[in-house]
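So the structure is just underneath, and the comments pick up after that.
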Amino acid sequence: MKKNIAILCSGGDVSGMNPALKRFVEYSLQNNLTPYFVYDGYEGLIDNNIKKTSYCDVAGIVNRGGTKIGSARSQRFREAKYRKQAKENLHKLNISMLVVLGGDGSFRGLHQFYLEHKIKFCGIPSTIDNDISGTDYCLGIDTALNMIKLSIDAIRDTASSFKRAFIIETMGNKCGYLALVSHLTSGSELCLIPEVPYNLKDYEEKFKHQIKNGRRYFIVITAEGIKQNAQEIANWFEDKIGIESRVSILGHLQRGGNPSVRDRLMAHEFITYAIDGLLKNINETIVCYSESGFNYKEIDAVVNTPHQLNQELISFISS
Ligand code: F6P
């Protein structure tokens, strides 16, 4: 008998989810599985918003950001009675395997779901925050970094026309990855992230000296998780450095945009590993990626190990 497999997207959407959905449908069919979409994340699992899908549903989506099947941050899925309802819905449709694209919070919910109902699943790290333990790459990061790069490059054009400091705030929740990589690749003067304590006073003399020696403008990248907000940093530049300042909070544009080549390829590979794993009975795992390639990690270890930002990248901030 043909087996049924479902996929859902949970938490903040990322560019790369649509290419992943396309690969999911095509690779499932190729493996003689019947693919299902769960709409709006765990909410759809609870409300039985689960539909059989096929090639025509994924035509023309590979180049689109967001997710065709919707995502959500489900509060109800935190409650046991709704998780039971979700399990019953999967059971009614004879769905024996589940693929989940999501971040840390989504995997915690999935872990709990598994502990209670022993459902066969595979998780794919998908968050622009890149803050999941055990994997160096989460789907969507490359596109997000490219969106940030475009924004910083554009801001640099106007920053260099005036004598101004631009404070550019990136997303990332409590993780500084997006800010740090953007700093290293855009040549900004200062980067402030939650993982590295800072004291603005330490930069005062250096920045004043640079202005005296001809510097016209500053680009500063801050992560949304630092202790001060971007406007406070801008005020410091005006008060202590004596340069007019502006703030740009990049916000949700970082989550959108046409998926990059890297994210399309990673989506393809993540899904292939997820389905291959499930077919080989490698269950209850997250597909992780490191320089040595893809591997499967127990969800327990992934959700219960605090994420650490790459120390080498951090060391570049001060060097
Ligand atoms: O987790 C992804 C993320 O984009 C974070 O970087 C950000 O803090 C948060 O989601 C924003 O969430 P929302 O879309 O619910 O405002």
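Start at 1 and go down the list; that is how both ligands and their atoms are numbered.
- Ligand-side atoms of ligand 1 in range of Arg73: 9 (C), 10 (O), 11 (C), 12 (O), 13 (P), 14 (O), 15 (O), range being under 4.0 angstrom from any heavy atom.
- Taking the charged nitrogens against the carboxylate oxygens, Arg164 and Glu244 do have a contact shorter than 4.0 Å, which makes a salt bridge.
- For the pair Tyr27/Asp276, a side-chain contact is recorded, criterion being any heavy-atom separation below 4.5 Å from C-beta on.
- Between the side chains of Asp263 and Thr143, a donor-acceptor pair is found at a separation under 3.5 Å.
- The contact set between ligand 1 and Asn173, taken as ligand atoms under 4.0 Å from a residue heavy atom, comprises 6 (O), 8 (O).
- On a distance-only criterion, Gly172 and ligand 1 share at least one N/O pair closer than 3.5 Å.
- Salt bridge absent: Arg83 and Glu79 never bring a charged side-chain N and a carboxylate O closer than 4.0 Å.
- Lys118 has no carboxylate O lying under 4.0 Å from a charged side-chain N of Glu284, or vice versa, which leaves the two without a salt bridge.
- Listed by number with element, the atoms of ligand 1 under 4.0 angstrom from any heavy atom of Asp129 are 1 (O), 2 (C), 3 (C), 5 (C), 6 (O).
- Only the side chain of His252 comes within 4.0 Å of ligand 1, judged by heavy-atom distances.
- In terms of protein heavy atoms, atom 11 (C) of ligand 1 is closest to Arg255 NH1, 3.7 Å.
- A salt bridge links Arg76 with Glu43; the closest basic N to acidic carboxylate O contact falls under 4.0 Å.
- If you number the atoms of ligand 1 from 1 as listed, the ones under 4.0 Å from a heavy atom of Glu224 come out as 5 (C), 6 (O), 7 (C), 8 (O).
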